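Chain identifiers are assigned alphabetically (A, B, ...) following the order of the sequence lines, protein sequences preceding nucleic acid strands; residue numbering begins at 1 within each chain. Quick caveat: nothing in here was measured; it's all calculated off a predicted structure.
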2 protein chains.
Amino acid sequence: MKSFKFKSLKKKEQLCSLGSISKEVYFVKSGLLRLYYLHKGNEITAFLFSENLFASAFPSFLEQKPSEQVLEALENTEVFFISKDNLEQLYKDVPKFNIVTRKLAEQRFINAQRFFVSHLTQTPEERYRQFSQNFPDLIQRVPQHIIASFLGITPVSLSRIRNRKKKSV
Amino acid sequence: MKSFKFKSLKKKEQLCSLGSISKEVYFVKSGLLRLYYLHKGNEITAFLFSENLFASAFPSFLEQKPSEQVLEALENTEVFFISKDNLEQLYKDVPKFNIVTRKLAEQRFINAQRFFVSHLTQTPEERYRQFSQNFPDLIQRVPQHIIASFLGITPVSLSRIRNRKKKSV
DNA sequence: AACTTTAATTAACAATTGTTAATGAAAAGC
DNA sequence: GCTTTTCATTAACAATTGTTAATTAAAGTT
(Lines give C-alpha, C1' and ligand atoms only; values in the text may rest on other atoms or scores of the structure.)
Protein backbone atom coordinates (compact mmCIF):
# COMPACT_ATOMS: atom_id res chain seq x y z
CA MET A 1 0.00 0.00 0.00
CA LYS A 2 2.98 2.26 0.34
CA SER A 3 3.11 1.99 -3.47
CA PHE A 4 0.35 4.57 -3.68
CA LYS A 5 1.24 8.23 -3.61
CA PHE A 6 -0.73 11.41 -3.43
CA LYS A 7 -1.02 14.22 -5.90
CA SER A 8 -2.96 17.47 -5.95
CA LEU A 9 -4.08 18.96 -9.24
CA LYS A 10 -5.36 22.30 -10.30
CA LYS A 11 -8.17 22.58 -12.83
CA LYS A 12 -6.96 21.91 -16.39
CA GLU A 13 -3.80 20.11 -15.29
CA GLN A 14 -3.23 16.92 -17.24
CA LEU A 15 -2.33 13.52 -15.86
CA CYS A 16 -1.81 12.18 -19.36
CA SER A 17 -1.27 14.47 -22.30
CA LEU A 18 -1.72 13.77 -25.98
CA GLY A 19 1.08 11.58 -27.32
CA SER A 20 2.68 10.94 -23.95
CA ILE A 21 3.03 7.48 -22.46
CA SER A 22 0.92 6.96 -19.37
CA LYS A 23 2.93 5.71 -16.42
CA GLU A 24 0.34 5.73 -13.66
CA VAL A 25 -3.12 4.70 -12.61
CA TYR A 26 -5.19 7.03 -10.47
CA PHE A 27 -7.82 6.93 -7.81
CA VAL A 28 -9.92 10.06 -7.45
CA LYS A 29 -10.13 11.16 -3.85
CA SER A 30 -11.85 14.44 -4.54
CA GLY A 31 -12.66 16.46 -7.61
CA LEU A 32 -13.29 15.35 -11.17
CA LEU A 33 -11.22 13.98 -14.03
CA ARG A 34 -12.13 13.88 -17.70
CA LEU A 35 -10.86 11.49 -20.34
CA TYR A 36 -11.15 12.77 -23.89
CA TYR A 37 -10.01 12.29 -27.46
CA LEU A 38 -9.17 14.94 -30.00
CA HIS A 39 -11.10 14.27 -33.17
CA LYS A 40 -11.11 16.73 -36.05
CA GLY A 41 -10.24 19.50 -33.63
CA ASN A 42 -13.02 18.67 -31.21
CA GLU A 43 -12.64 17.28 -27.73
CA ILE A 44 -14.67 14.09 -27.50
CA THR A 45 -15.28 13.10 -23.89
CA ALA A 46 -15.00 9.35 -23.33
CA PHE A 47 -15.52 9.31 -19.60
CA LEU A 48 -15.86 11.35 -16.42
CA PHE A 49 -14.25 10.10 -13.24
CA SER A 50 -15.70 11.50 -10.06
CA GLU A 51 -14.88 10.68 -6.46
CA ASN A 52 -13.90 7.10 -5.57
CA LEU A 53 -13.33 5.93 -9.12
CA PHE A 54 -10.19 4.52 -10.67
CA ALA A 55 -9.08 6.57 -13.65
CA SER A 56 -6.48 5.99 -16.32
CA ALA A 57 -5.52 6.42 -19.93
CA PHE A 58 -5.82 2.68 -20.19
CA PRO A 59 -4.65 1.82 -23.71
CA SER A 60 -1.51 3.90 -23.30
CA PHE A 61 -0.85 2.63 -19.78
CA LEU A 62 -1.27 -1.04 -20.62
CA GLU A 63 0.61 -1.11 -23.88
CA GLN A 64 3.06 1.70 -23.02
CA LYS A 65 2.47 3.54 -26.24
CA PRO A 66 1.71 7.20 -27.04
CA SER A 67 -1.72 8.15 -25.80
CA GLU A 68 -4.58 9.14 -28.05
CA GLN A 69 -6.45 10.08 -24.92
CA VAL A 70 -6.03 13.04 -22.61
CA LEU A 71 -6.71 12.71 -18.90
CA GLU A 72 -7.38 16.11 -17.42
CA ALA A 73 -8.72 17.70 -14.26
CA LEU A 74 -12.08 19.37 -14.72
CA GLU A 75 -11.89 20.76 -11.20
CA ASN A 76 -9.15 21.04 -8.62
CA THR A 77 -8.64 17.38 -7.89
CA GLU A 78 -6.86 15.13 -5.42
CA VAL A 79 -5.73 11.67 -6.49
CA PHE A 80 -3.85 8.68 -5.23
CA PHE A 81 -1.74 7.01 -7.86
CA ILE A 82 0.50 4.03 -8.44
CA SER A 83 3.19 3.75 -11.08
CA LYS A 84 3.35 1.03 -13.72
CA ASP A 85 6.52 -0.38 -12.13
CA ASN A 86 5.12 -0.44 -8.63
CA LEU A 87 1.95 -2.06 -9.91
CA GLU A 88 3.94 -4.83 -11.61
CA GLN A 89 5.89 -5.30 -8.39
CA LEU A 90 2.64 -5.48 -6.48
CA TYR A 91 1.45 -8.24 -8.81
CA LYS A 92 4.61 -10.19 -8.02
CA ASP A 93 4.53 -9.62 -4.26
CA VAL A 94 0.82 -10.17 -3.89
CA PRO A 95 -0.39 -12.56 -6.59
CA LYS A 96 -3.92 -12.34 -5.29
CA PHE A 97 -3.90 -8.78 -6.57
CA ASN A 98 -4.36 -10.28 -10.04
CA ILE A 99 -7.75 -11.50 -8.94
CA VAL A 100 -8.76 -8.06 -7.71
CA THR A 101 -7.72 -6.30 -10.87
CA ARG A 102 -9.15 -9.07 -13.03
CA LYS A 103 -12.52 -8.49 -11.43
CA LEU A 104 -12.07 -4.76 -11.79
CA ALA A 105 -11.30 -5.14 -15.48
CA GLU A 106 -14.29 -7.43 -15.97
CA GLN A 107 -16.53 -4.93 -14.28
CA ARG A 108 -15.14 -2.13 -16.40
CA PHE A 109 -15.81 -4.16 -19.50
CA ILE A 110 -19.41 -4.71 -18.48
CA ASN A 111 -19.83 -0.98 -17.89
CA ALA A 112 -18.25 -0.10 -21.21
CA GLN A 113 -20.53 -2.53 -23.00
CA ARG A 114 -23.52 -1.09 -21.21
CA PHE A 115 -22.54 2.40 -22.33
CA PHE A 116 -22.03 1.12 -25.83
CA VAL A 117 -25.43 -0.52 -25.97
CA SER A 118 -27.13 2.59 -24.63
CA HIS A 119 -25.99 4.26 -27.84
CA LEU A 120 -27.58 1.50 -29.88
CA THR A 121 -30.89 1.47 -28.08
CA GLN A 122 -31.49 5.08 -27.14
CA THR A 123 -31.93 8.41 -28.82
CA PRO A 124 -29.75 11.33 -27.71
CA GLU A 125 -32.73 12.72 -25.81
CA GLU A 126 -33.23 9.47 -23.92
CA ARG A 127 -29.53 9.24 -23.17
CA TYR A 128 -29.57 12.75 -21.73
CA ARG A 129 -32.58 11.96 -19.60
CA GLN A 130 -30.92 8.82 -18.27
CA PHE A 131 -27.63 10.58 -17.70
CA SER A 132 -29.27 13.29 -15.62
CA GLN A 133 -31.05 10.65 -13.57
CA ASN A 134 -27.93 8.56 -12.99
CA PHE A 135 -25.52 11.43 -12.43
CA PRO A 136 -27.47 14.46 -11.24
CA ASP A 137 -24.31 15.82 -9.61
CA LEU A 138 -22.36 15.75 -12.87
CA ILE A 139 -25.10 17.71 -14.63
CA GLN A 140 -24.38 20.47 -12.13
CA ARG A 141 -20.60 20.25 -12.16
CA VAL A 142 -19.77 19.64 -15.82
CA PRO A 143 -20.05 22.26 -18.60
CA GLN A 144 -22.79 21.40 -21.05
CA HIS A 145 -20.67 21.18 -24.15
CA ILE A 146 -18.62 18.48 -22.43
CA ILE A 147 -21.73 16.51 -21.53
CA ALA A 148 -22.88 16.93 -25.12
CA SER A 149 -19.70 15.40 -26.49
CA PHE A 150 -20.06 12.54 -24.02
CA LEU A 151 -23.60 11.91 -25.26
CA GLY A 152 -22.40 12.03 -28.85
CA ILE A 153 -24.19 15.19 -29.92
CA THR A 154 -23.37 18.85 -30.50
CA PRO A 155 -23.78 21.51 -27.80
CA VAL A 156 -26.45 23.12 -29.95
CA SER A 157 -28.44 19.93 -30.07
CA LEU A 158 -28.15 19.40 -26.31
CA SER A 159 -29.42 22.89 -25.71
CA ARG A 160 -32.47 22.12 -27.85
CA ILE A 161 -33.08 18.86 -26.01
CA ARG A 162 -33.00 20.66 -22.67
CA ASN A 163 -35.41 23.19 -24.02
CA ARG A 164 -37.85 20.54 -25.25
CA LYS A 165 -37.61 18.77 -21.91
CA LYS A 166 -38.32 21.95 -19.99
CA LYS A 167 -41.56 22.50 -21.90
CA SER A 168 -42.73 18.91 -21.40
CA VAL A 169 -42.27 19.14 -17.62
CA MET B 1 -7.27 -28.10 -20.31
CA LYS B 2 -9.52 -31.08 -19.91
CA SER B 3 -11.94 -28.58 -18.43
CA PHE B 4 -12.87 -27.51 -21.92
CA LYS B 5 -15.55 -29.42 -23.78
CA PHE B 6 -16.86 -29.34 -27.31
CA LYS B 7 -20.29 -28.47 -28.59
CA SER B 8 -21.82 -28.28 -32.05
CA LEU B 9 -24.63 -25.87 -32.74
CA LYS B 10 -27.12 -25.49 -35.52
CA LYS B 11 -28.04 -22.07 -36.80
CA LYS B 12 -30.41 -20.23 -34.42
CA GLU B 13 -29.56 -22.41 -31.45
CA GLN B 14 -28.96 -20.37 -28.30
CA LEU B 15 -26.09 -20.70 -25.85
CA CYS B 16 -27.73 -18.24 -23.51
CA SER B 17 -31.41 -17.43 -23.74
CA LEU B 18 -33.27 -14.43 -22.39
CA GLY B 19 -33.68 -14.62 -18.62
CA SER B 20 -31.52 -17.69 -18.18
CA ILE B 21 -28.35 -17.72 -16.11
CA SER B 22 -25.23 -18.22 -18.17
CA LYS B 23 -23.09 -21.10 -16.90
CA GLU B 24 -20.38 -21.24 -19.54
CA VAL B 25 -17.82 -19.30 -21.51
CA TYR B 26 -17.23 -20.18 -25.15
CA PHE B 27 -14.47 -20.19 -27.69
CA VAL B 28 -15.58 -20.16 -31.31
CA LYS B 29 -13.81 -22.82 -33.33
CA SER B 30 -15.88 -22.34 -36.47
CA GLY B 31 -19.01 -20.46 -37.38
CA LEU B 32 -20.46 -17.28 -35.93
CA LEU B 33 -22.18 -16.24 -32.72
CA ARG B 34 -24.25 -13.16 -32.11
CA LEU B 35 -24.91 -11.39 -28.82
CA TYR B 36 -28.04 -9.29 -28.76
CA TYR B 37 -30.51 -7.48 -26.55
CA LEU B 38 -34.26 -7.26 -26.95
CA HIS B 39 -35.30 -3.63 -26.82
CA LYS B 40 -38.86 -2.57 -27.57
CA GLY B 41 -39.35 -5.71 -29.60
CA ASN B 42 -36.22 -5.22 -31.67
CA GLU B 43 -33.10 -7.31 -31.55
CA ILE B 44 -30.15 -5.02 -30.87
CA THR B 45 -26.87 -6.69 -31.76
CA ALA B 46 -24.13 -5.93 -29.25
CA PHE B 47 -21.40 -8.07 -30.76
CA LEU B 48 -20.49 -10.69 -33.34
CA PHE B 49 -18.07 -13.45 -32.42
CA SER B 50 -16.35 -15.10 -35.35
CA GLU B 51 -13.67 -17.77 -35.37
CA ASN B 52 -11.04 -17.76 -32.61
CA LEU B 53 -12.84 -15.35 -30.33
CA PHE B 54 -14.03 -15.90 -26.78
CA ALA B 55 -17.75 -15.34 -26.45
CA SER B 56 -20.03 -15.06 -23.47
CA ALA B 57 -23.07 -13.42 -21.97
CA PHE B 58 -20.70 -11.75 -19.60
CA PRO B 59 -22.88 -9.87 -17.13
CA SER B 60 -25.03 -12.93 -16.53
CA PHE B 61 -22.05 -15.27 -16.34
CA LEU B 62 -20.07 -13.15 -13.92
CA GLU B 63 -22.84 -12.18 -11.58
CA GLN B 64 -24.93 -15.34 -12.08
CA LYS B 65 -28.11 -13.44 -12.67
CA PRO B 66 -30.81 -13.69 -15.38
CA SER B 67 -29.45 -12.60 -18.70
CA GLU B 68 -30.66 -9.54 -20.58
CA GLN B 69 -28.54 -10.73 -23.47
CA VAL B 70 -29.09 -13.59 -25.88
CA LEU B 71 -26.13 -15.51 -27.29
CA GLU B 72 -27.14 -17.25 -30.49
CA ALA B 73 -25.62 -19.03 -33.46
CA LEU B 74 -25.89 -17.09 -36.70
CA GLU B 75 -24.51 -20.06 -38.60
CA ASN B 76 -23.88 -23.67 -37.75
CA THR B 77 -21.15 -23.22 -35.19
CA GLU B 78 -18.61 -25.28 -33.26
CA VAL B 79 -17.43 -24.10 -29.87
CA PHE B 80 -15.25 -25.14 -27.00
CA PHE B 81 -16.63 -24.20 -23.63
CA ILE B 82 -15.79 -24.23 -19.96
CA SER B 83 -18.28 -24.15 -17.12
CA LYS B 84 -18.32 -21.55 -14.36
CA ASP B 85 -17.37 -24.20 -11.79
CA ASN B 86 -14.51 -25.60 -13.81
CA LEU B 87 -13.24 -22.11 -14.46
CA GLU B 88 -13.23 -21.32 -10.74
CA GLN B 89 -11.40 -24.58 -10.14
CA LEU B 90 -8.91 -23.65 -12.83
CA TYR B 91 -8.26 -20.36 -11.04
CA LYS B 92 -7.49 -22.29 -7.89
CA ASP B 93 -5.32 -24.96 -9.51
CA VAL B 94 -3.46 -22.56 -11.75
CA PRO B 95 -3.27 -19.14 -10.10
CA LYS B 96 -1.36 -17.76 -13.05
CA PHE B 97 -4.57 -18.15 -15.00
CA ASN B 98 -5.76 -15.02 -13.19
CA ILE B 99 -3.08 -13.09 -15.02
CA VAL B 100 -4.19 -14.42 -18.38
CA THR B 101 -7.83 -13.60 -17.83
CA ARG B 102 -6.95 -10.28 -16.24
CA LYS B 103 -5.16 -9.31 -19.43
CA LEU B 104 -8.03 -10.67 -21.50
CA ALA B 105 -10.50 -8.59 -19.53
CA GLU B 106 -8.32 -5.49 -19.88
CA GLN B 107 -8.11 -6.01 -23.62
CA ARG B 108 -11.83 -6.49 -23.87
CA PHE B 109 -12.36 -3.28 -21.96
CA ILE B 110 -10.11 -1.40 -24.36
CA ASN B 111 -12.01 -2.81 -27.32
CA ALA B 112 -15.36 -1.96 -25.79
CA GLN B 113 -14.22 1.59 -25.14
CA ARG B 114 -12.97 1.87 -28.69
CA PHE B 115 -16.34 0.74 -30.01
CA PHE B 116 -18.03 3.18 -27.70
CA VAL B 117 -15.91 6.09 -28.86
CA SER B 118 -16.48 5.25 -32.51
CA HIS B 119 -20.12 6.06 -31.83
CA LEU B 120 -19.15 9.43 -30.40
CA THR B 121 -16.81 10.42 -33.20
CA GLN B 122 -18.35 8.94 -36.30
CA THR B 123 -21.54 9.18 -38.30
CA PRO B 124 -23.43 5.99 -39.11
CA GLU B 125 -22.08 6.20 -42.65
CA GLU B 126 -18.48 6.40 -41.42
CA ARG B 127 -19.08 3.54 -39.03
CA TYR B 128 -20.40 1.40 -41.84
CA ARG B 129 -17.43 2.22 -44.03
CA GLN B 130 -15.03 1.35 -41.23
CA PHE B 131 -16.89 -1.81 -40.37
CA SER B 132 -16.74 -3.06 -43.95
CA GLN B 133 -13.02 -2.33 -44.03
CA ASN B 134 -12.29 -4.05 -40.73
CA PHE B 135 -14.62 -7.00 -41.18
CA PRO B 136 -15.14 -7.59 -44.91
CA ASP B 137 -16.00 -11.23 -44.20
CA LEU B 138 -18.81 -10.29 -41.80
CA ILE B 139 -20.37 -8.02 -44.41
CA GLN B 140 -20.76 -11.11 -46.55
CA ARG B 141 -21.88 -13.50 -43.83
CA VAL B 142 -24.22 -11.40 -41.70
CA PRO B 143 -27.72 -10.27 -42.76
CA GLN B 144 -27.89 -6.54 -43.27
CA HIS B 145 -30.55 -5.78 -40.71
CA ILE B 146 -28.30 -7.33 -38.08
CA ILE B 147 -25.37 -5.19 -39.14
CA ALA B 148 -27.69 -2.19 -39.07
CA SER B 149 -28.65 -2.85 -35.47
CA PHE B 150 -24.98 -3.25 -34.56
CA LEU B 151 -24.23 0.13 -36.15
CA GLY B 152 -27.12 1.69 -34.29
CA ILE B 153 -29.34 2.47 -37.26
CA THR B 154 -32.41 1.03 -38.97
CA PRO B 155 -32.19 -1.43 -41.87
CA VAL B 156 -33.81 1.21 -44.07
CA SER B 157 -31.13 3.71 -43.24
CA LEU B 158 -28.33 1.21 -43.87
CA SER B 159 -29.78 0.43 -47.26
CA ARG B 160 -29.71 4.14 -48.11
CA ILE B 161 -26.12 4.45 -46.92
CA ARG B 162 -25.07 1.54 -49.11
CA ASN B 163 -26.82 3.15 -52.00
CA ARG B 164 -25.11 6.50 -51.48
CA LYS B 165 -21.77 4.74 -51.20
CA LYS B 166 -22.32 2.83 -54.42
CA LYS B 167 -22.88 6.03 -56.35
CA SER B 168 -19.79 7.71 -54.90
CA VAL B 169 -17.56 4.79 -55.93
C1' DA C 1 -14.60 47.38 -12.24
C1' DA C 2 -13.74 46.97 -17.10
C1' DC C 3 -12.27 43.91 -20.55
C1' DT C 4 -11.65 39.54 -22.78
C1' DT C 5 -12.65 34.97 -23.42
C1' DT C 6 -15.48 31.12 -23.08
C1' DA C 7 -20.30 29.07 -22.85
C1' DA C 8 -25.14 28.62 -23.79
C1' DT C 9 -29.10 29.82 -26.39
C1' DT C 10 -31.70 30.77 -30.48
C1' DA C 11 -32.64 30.98 -35.44
C1' DA C 12 -32.50 29.36 -40.28
C1' DC C 13 -31.40 25.92 -43.53
C1' DA C 14 -29.42 21.59 -45.30
C1' DA C 15 -28.79 16.84 -44.58
C1' DT C 16 -29.75 12.59 -42.31
C1' DT C 17 -32.45 9.56 -39.90
C1' DG C 18 -36.79 7.28 -38.33
C1' DT C 19 -41.27 5.63 -39.63
C1' DT C 20 -44.64 3.45 -42.36
C1' DA C 21 -45.86 1.15 -46.30
C1' DA C 22 -45.32 -1.05 -50.80
C1' DT C 23 -42.60 -3.80 -53.92
C1' DG C 24 -39.28 -7.09 -55.29
C1' DA C 25 -35.82 -10.63 -54.09
C1' DA C 26 -34.08 -14.34 -51.54
C1' DA C 27 -34.37 -18.06 -48.28
C1' DA C 28 -36.75 -21.51 -45.74
C1' DG C 29 -40.24 -24.94 -45.16
C1' DC C 30 -43.38 -28.33 -46.89
C1' DG D 1 -41.48 -27.39 -57.23
C1' DC D 2 -44.55 -24.51 -54.83
C1' DT D 3 -45.81 -21.72 -50.92
C1' DT D 4 -44.69 -19.00 -47.10
C1' DT D 5 -41.80 -16.26 -44.62
C1' DT D 6 -38.03 -13.33 -44.17
C1' DC D 7 -35.08 -9.79 -45.98
C1' DA D 8 -33.60 -5.67 -48.87
C1' DT D 9 -34.86 -1.80 -51.46
C1' DT D 10 -37.41 2.26 -52.53
C1' DA D 11 -40.61 6.08 -51.72
C1' DA D 12 -42.89 9.80 -49.04
C1' DC D 13 -43.23 12.42 -44.96
C1' DA D 14 -42.20 13.85 -40.20
C1' DA D 15 -38.81 14.65 -36.82
C1' DT D 16 -34.17 15.29 -35.35
C1' DT D 17 -29.67 16.54 -35.88
C1' DG D 18 -25.67 19.11 -37.83
C1' DT D 19 -23.92 23.47 -39.36
C1' DT D 20 -23.22 28.30 -39.35
C1' DA D 21 -23.90 32.53 -37.41
C1' DA D 22 -25.74 36.01 -34.22
C1' DT D 23 -27.03 37.13 -29.50
C1' DT D 24 -26.93 36.77 -24.71
C1' DA D 25 -24.91 35.06 -20.43
C1' DA D 26 -21.25 33.65 -17.59
C1' DA D 27 -16.54 33.13 -16.23
C1' DG D 28 -11.90 34.45 -16.03
C1' DT D 29 -8.15 38.04 -16.33
C1' DT D 30 -5.77 42.13 -15.68
Practice item. Figure out the NZ/P separation between K40(A) and dT19(D), and round it to whole Å. Key: 9 Å
Check your understanding: Closest to the P143(B) side chain: dA8(D), dG18(C), dA21(D)?
Key -> dA8(D)
Check your understanding: Would you say a side-chain N or O of H145(B) is under 4.0 Å from OP1 or OP2 of dA8(D)?
Key -> yes
Exercise for review: Would you give the length of the straight line joining atom CG of L38(B) to atom OG1 of T121(A), rounded to the nearest 0.5 angstrom?
Suggested key: 12.0 Å
Point to revise | Flag, side chain of S157(A) to backbone of P155(A), donor-acceptor distance under 3.5 Å | key: no
Revision key, fill the gap. note: I153(B), atom CD1; dT16(D), atom P; distance rounded to Å ~ 19 Å
Point to revise | Lys NZ or Arg CZ of K5(B) over F80(B) ring: under 6.0 Å, within 45° | key: no
Practice item. May I have the distance from N42(A) (atom CG) to dT20(D) (atom P), rounded to whole angstrom? Key: 11 Å
Exercise for review: Determine, for R102(A) against E106(A), whether the closest basic-nitrogen to carboxylate-oxygen distance falls under 4.0 angstrom.
Suggested key: yes
**Study point:** Below 4.0 Å: OP1/OP2 of dT9(C) and any side-chain N or O of R162(A)
**Key:** yes
Exercise for review: Let me know the distance between CD1 of I139(A) and P of dA7(C), rounded to the nearest Å.
Suggested key: 17 Å
Check your understanding: Atom CD of E125(B) and atom P of dT17(D): how far apart are they, to the nearest Å?
Key -> 19 Å
Check your understanding: Does a side-chain N or O from N163(B) land closer than 4.0 Å to OP1 or OP2 of dT10(D), or not?
Key -> yes
Review point. Does OP1 or OP2 of dG18(C) have a side-chain N or O of T154(B) closer than 4.0 Å?
Key: yes
Review point. From the list dT19(C), dT9(C), dT17(D), which nucleotide is the closest neighbour of the side chain of S157(A)?
Key: dT17(D)
Check your understanding: Between S159(B) and dA8(D), is there a side-chain N or O to OP1/OP2 distance below 4.0 Å?
Key -> no
Point to revise | V156(A), nearest nucleotide to its side chain (from dG18(C), dT20(D), dA8(C)) | key: dT20(D)
Check your understanding: Can you check the R164(B) CZ to dT9(D) C1' distance for me, whole Å?
Key -> 14 Å
Exercise for review: Return the value, rounded to whole Å, for the distance between atom CZ of R141(A) and atom P of dA7(C).
Suggested key: 18 Å
Revision key, fill the gap. Out of dA8(D), dA28(C), dT10(C), minimum distance to the side chain of K11(B) belongs to dA28(C)
Check your understanding: Rounding to a whole Å, what distance do you find between R160(A):CZ and dA7(C):P?
Key -> 19 Å
Check your understanding: Are R108(B) and F58(B) in a cation-pi contact, defined as NZ or CZ under 6.0 Å from the six-membered ring centre and within 45° of the axis?
Key -> yes
